[in-house]
S.K.: 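The structure follows.
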Amino acid sequence: MAPNPAIIKAVERLDYRVTVGDVATQAGLKIEQASQGLLALASEAQGHLQVADDGEIVYLFPRNFRDILRNKYLQLQLQDWWNKVWGVLFYIIRLSFGIFLIISIALIYMAIIVIISSQNSDDDNGGGYRGGGFPLFFPDIFWYLSPGYGTYNQRDIPNRHKEKKELNFLEAVFSFLFGDGNPNPRLEERRFREIAGVIRKHDGAVVAEQIAPFLDDLGEAYKREDEDYMLPVLTRFNGQPQVSPEGQIVYYFPELQVSAAEYETRSTSNYLQKNLWKFSRASSDQKFLSAGLGIVNIVGAFILANLNVASAGGFVGFVKGISGLLLAYGIGFLAVPLIRNFWIQMRNNKIRQGNQQRIKRANLLKNPDMELQQKISFSRQFATQKIISQDDLIYSTQKDLLEQEVENSAKTDAEWERRLKEGNG
């Protein structure tokens, strides 16, 4: 089985030398997952184990370990290949909705023009359709589809880098229809990553009130008093509860108190803030144009469906035959964003309420009462942090065992000499 991608990324971000607690914090994984995953990764990627004098283990990986895995696992090779292919395919899918809309409108109005022209073939010596509306409509569309649209205005060169990230029209059509994805991807992973960050910020010992701002539902009142909501956190990070003489409960997490290096502490938020859903990243003009084209499609399909044609064949017959499908597409093109807009509003109301609740819990920590101060003070008795340096190591799979025994013996002799000199001094 291929190694866990989350662990691979965590090892790379932590400079290839990690402990179980480091990986669990970085990836938001369970301690058991991180431990088993690191063992599997070290076995498959030619990693090494470093054992400290207190029995703590550090995992050291070669910087090219991803290449080692890729050569060993066909699954990883296929995954890399599929990620590239899917990126292209999904982009084509995104563009296809706008392309189909333009094709639909073009087919509808070309068929209408042919039908009207044939009905008026006796006028103006058989001259067909001479109106300017349809031909004049498409140059504007093609301007919106041009490569320069949505990047930058040539007359506004200084702002081109800022505007470069805007969607082009075809991308905007997809965004208008379906939005731009979940604003809170991998929420649970982010939640527990931030919780682990808070635990490490307090040197591995916390009270429930410090974790509550990152949880959603704390349960009924009696469950809050019993702090049952801490159970998933304890299970995930192998936490241990401790009871103070006053009957207050604090929690410490031994695995998260050990690190392979003194990493720069990331700024953690005081609470878990969920992002609101957005209707679309498309600009106002792009959304207006998308909706307008949907209306144009519906009107045209309705007109085409109600035009009387004596004998419809060829191009006109084909378009006339699918006019119902084109009408349904136009209706769906407007109905989907409308329904999605109502759904987003309801979803965002719940997100706002949840954010407000977590903010209130976080504010309790700014001005803690006497009881909470006592709990926090008691938790600090269990707070500790251990950084495993090279000097702490007594064994490593990088070197021969006999060589390490000689080195350790030399270290011991040097330590005794130092102590004797200090004693004589």
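The basis for the numbers below is simple: all heavy atoms, side chains too, and nothing from hydrogens, waters or symmetry mates.
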S.K.: Assess the residue pair Leu365 and Leu372 against the criterion (side-chain contact (heavy atoms from CB on, under 4.5 Å)); give the C-alpha distance rounded to whole Å, side-chain angles, the decisive distance to 0.1 Å, and a yes or no.
M.R.: CA-CA 8 Å; Leu365 297 170; Leu372 181 54; 4.0 Å; yes
S.K.: If the threshold is 4.0 Å, N to carboxylate O, is there a salt bridge linking Glu12 and Lys9?
M.R.: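 Salt bridge flag = no for Lys9 with Glu12.
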S.K.: Roughly how far, to the nearest 0.5 Å, is the CG atom of Leu187 from the CZ atom of Arg190?
M.R.: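 So the CZ of Arg190 and the CG of Leu187 are separated by 5.5 Å.
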S.K.: Measuring only between side-chain heavy atoms, which start at C-beta, is Phe214 closer than 4.5 Å to Val198?
M.R.: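 Contact flag for Phe214/Val198 side chains = yes.
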S.K.: State the CD1-NZ distance between Ile112 and Lys320, to the nearest 0.5 angstrom.
M.R.: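 Ile112 CD1 to Lys320 NZ: 9.5 Å, rounded to 0.5 Å.
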S.K.: Can you name the nearest heavy-atom pair linking Pro62 to Tyr16, along with the distance?
M.R.: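 Pro62 and Tyr16 have their closest heavy atoms at O-CD2, 3.8 Å.
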S.K.: Less than 4.5 Å apart, side chain to side chain, heavy atoms only: is that true for Asn4 and Gln36?
M.R.: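 No. Closest side-chain heavy atoms not under 4.5 Å.
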S.K.: I need the Phe174 CZ to Leu101 CG distance, nearest 0.5 Å.
M.R.: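 The CZ atom of Phe174 sits 14.5 Å away from the CG atom of Leu101.
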S.K.: Take atom CZ in Arg186; do more than 12 heavy atoms of anything else shown fall under 6.0 Å from it?
M.R.: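 Atom CZ in Arg186 is not packed in, count stays at 12 or less.
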S.K.: In a check of side-chain contact (heavy atoms from CB on, under 4.5 Å) between Ile298 and each of Ile303, Leu326, Leu327, which one passes?
M.R.: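 That would be Leu327.
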S.K.: Just wondering, are more than 12 heavy atoms of other shown residues or ligands nearer than 6.0 Å to CG in Asn306?
M.R.: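 Counting neighbours around CG of Asn306, more than 12 heavy atoms of other residues, nucleotides or ligands fall under 6.0 Å, so yes.
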S.K.: Let me confirm one number: the OG-CD1 distance from Ser35 to Ile7, rounded to the nearest 0.5 Å.
M.R.: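 That separation rounds to 9.0 Å.
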S.K.: Under a plain distance cut-off of 3.5 Å, with no hydrogens placed, do Arg358 and Asn355 share a side-chain donor-acceptor pair?
M.R.: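 On atom types as modelled, these side chains qualify, holding a pair under 3.5 Å.
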S.K.: Could you tell me if the side chain of Leu69 sits less than 4.5 Å from the side chain of Leu41, heavy atoms only?
M.R.: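 A side-chain contact exists here, since the closest heavy-atom pair is under 4.5 Å.
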S.K.: With rounding to the nearest 0.5 angstrom, report the CD to CD1 distance, Gln210 to Ile376.
M.R.: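 Answer for the CD-CD1 pair, Gln210 versus Ile376, is 5.0 Å.
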S.K.: Can you pull the salt bridge (charged side-chain N to carboxylate O under 4.0 Å, His left out) pairs that have at least one residue in residues 239-253, sequence neighbours excluded?
M.R.: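 Sorted pair list comes back empty.
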S.K.: Hey, does Ile99 have a side-chain heavy atom less than 4.5 Å from the side chain of Leu170?
M.R.: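 Sidechains of Ile99 and Leu170: in contact.
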S.K.: Per the side-chain hydrogen bond (donor to acceptor under 3.5 Å, both in side chains) rule, what does the pair list look like for residues 53-65, sequence neighbours excluded?
M.R.: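 Sorted pair list: Asp15-Arg63.
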S.K.: So does Ala362 get a backbone contact from the side chain of Asn270, meaning a donor-acceptor N/O pair under 3.5 Å?
M.R.: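 No: the side chain of Asn270 does not pair with the backbone of Ala362.
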S.K.: Would you say Gln248 and Val207 make side-chain contact, with heavy atoms under 4.5 Å?
M.R.: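 In short, these two side chains do not touch, never coming nearer than 4.5 Å.
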S.K.: side-chain contact (heavy atoms from CB on, under 4.5 Å), that's the test. Do Ile92 and Leu95 meet it? Break it down for me.
M.R.: CA-CA 5 Å; Ile92 293 174; Leu95 300 185; 5.8 Å; no
S.K.: Does some side-chain heavy atom of Gln50 sit less than 4.5 Å from a side-chain heavy atom of Arg17?
M.R.: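 They are in contact (side-chain heavy atoms under 4.5 Å apart), so the answer is yes.
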S.K.: Once you round to the nearest 0.5 Å, how far does CG of Asp22 lie from OG1 of Thr19?
M.R.: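 Between atom CG of Asp22 and atom OG1 of Thr19 there are 3.0 Å.
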S.K.: Are Lys375 and Glu371 ion-paired here, with the side-chain N under 4.0 Å from a carboxylate O?
M.R.: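 No, no charged N to carboxylate O under 4.0 Å.
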S.K.: Measure from the side-chain N and O atoms of Gln345 to the backbone N and O of Phe342, and report whether any donor-acceptor pair falls under 3.5 Å.
M.R.: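 Checked: no pair found.
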S.K.: For side-chain contact (heavy atoms from CB on, under 4.5 Å), just list the numbers for His202 and Ser379, CA-CA rounded to whole Å, side-chain angles, deciding distance to a tenth of an Å, and then say yes or no.
M.R.: CA-CA 9 Å; His202 294 89; Ser379 72; over 6 Å; no
S.K.: For the residue pair Ala24 and Ile31, what are the closest heavy atoms and their distance?
M.R.: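 Nearest pair, atom of Ala24 first, then Ile31: CB-CD1, 3.7 Å.
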S.K.: Checking the side chain of Gln257 only, and the main-chain atoms of Asp203 only, is there a donor and an acceptor separated by less than 3.5 Å?
M.R.: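 The answer is yes, because a donor-acceptor pair under 3.5 Å joins these two groups.
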S.K.: Answer yes or no: are there more than 12 heavy-atom neighbours, outside Lys386 itself, under 6.0 Å from its atom NZ?
M.R.: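 Count over threshold, so yes.
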S.K.: Would you find more than 12 non-hydrogen atoms of other residues, nucleotides or ligands less than 6.0 Å from Phe302 atom CZ?
M.R.: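 No, not enclosed.
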S.K.: Which atom pair, heavy atoms only, marks the closest approach of Glu227 to Ile249?
M.R.: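 Where Glu227 meets Ile249 most closely, the heavy atoms are OE1-CB, 3.9 Å.
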S.K.: Assign the ring pair Phe90 / Trp86 to parallel, tilted or perpendicular, where the plane angle (0 to 90°) is split at 30° and 60°.
M.R.: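 It falls in the tilted class, 30° to 60°.
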S.K.: Please name the pair of heavy atoms, one in Arg193 and one in Thr25, separated by the smallest distance, quoted to 0.1 Å.
M.R.: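 In this case the closest contact between Arg193 and Thr25 is CG-O, 3.1 Å.
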S.K.: Short question: side chain of Ser96, backbone of Ile93 - any donor-acceptor pair under 3.5 Å?
M.R.: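 Here the side-chain-to-backbone pair exists.
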S.K.: Establish, yes or no, whether a centroid distance under 6.0 Å links the rings of Phe382 and Tyr251.
M.R.: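 No.
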S.K.: Step by step, would you call Arg191 with Leu215 a side-chain contact (heavy atoms from CB on, under 4.5 Å)?
M.R.: CA-CA 8 Å; Arg191 183 199 308 280; Leu215 303 176; 4.3 Å; yes
S.K.: Just by modelled atom types, is the Asn184 backbone N or O under 3.5 Å from a matching donor or acceptor in the Asn275 side chain?
M.R.: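 It does not hold such a pair.
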S.K.: Within 45 degrees of the ring normal and closer than 6.0 Å to the centroid, is that where the cationic atom of Arg340 sits relative to Phe178?
M.R.: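 Because its charged atom misses either the 6.0 Å distance or the 45° angle limit, Arg340 does not stack over Phe178.
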S.K.: With a 4.0 Å cut-off on N to O distance, would you call Arg94 and Asp180 a salt bridge?
M.R.: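 No, this pair does not count.
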S.K.: Take Phe333 and Phe176, measure what ring pair (Phe, Tyr, Trp, His ring centres under 6.0 Å) needs, and give me the verdict at the end.
M.R.: CA-CA 9 Å; Phe333 189 87; Phe176 173 77; 5.8 Å; yes
S.K.: Which heavy-atom pair separates Ala34 from Val23 by the least distance, and what is that distance?
M.R.: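 Smallest interatomic distance, heavy atoms only, reads CB-CG1, 4.1 Å.
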S.K.: Before accepting this row, confirm whether a basic side-chain N of the pair Asp216/Lys350 lies closer than 4.0 Å to the acidic partner's carboxylate O.
M.R.: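 Result for this pair is no, no salt bridge flagged.
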S.K.: Phe169 versus Ser290: any side-chain heavy-atom pair under 4.5 Å?
M.R.: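 Yes. Closest side-chain heavy atoms under 4.5 Å.
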S.K.: Any idea which heavy atoms bring Val233 and Phe253 closest together, and the distance?
M.R.: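 Closest pair (atom of Val233, atom of Phe253, distance): O-CE2, 3.9 Å.
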S.K.: State, with a plain yes or no, whether a side-chain heavy atom of Trp277 is found less than 4.5 Å away from one of Asn182.
M.R.: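 Yes, at least one pair of side-chain atoms sits under 4.5 Å.
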S.K.: Looking at Gln385, I want to see if its CD is surrounded by more than 12 non-hydrogen atoms of other residues, nucleotides or ligands under 6.0 Å.
M.R.: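 Correct, the count exceeds 12.
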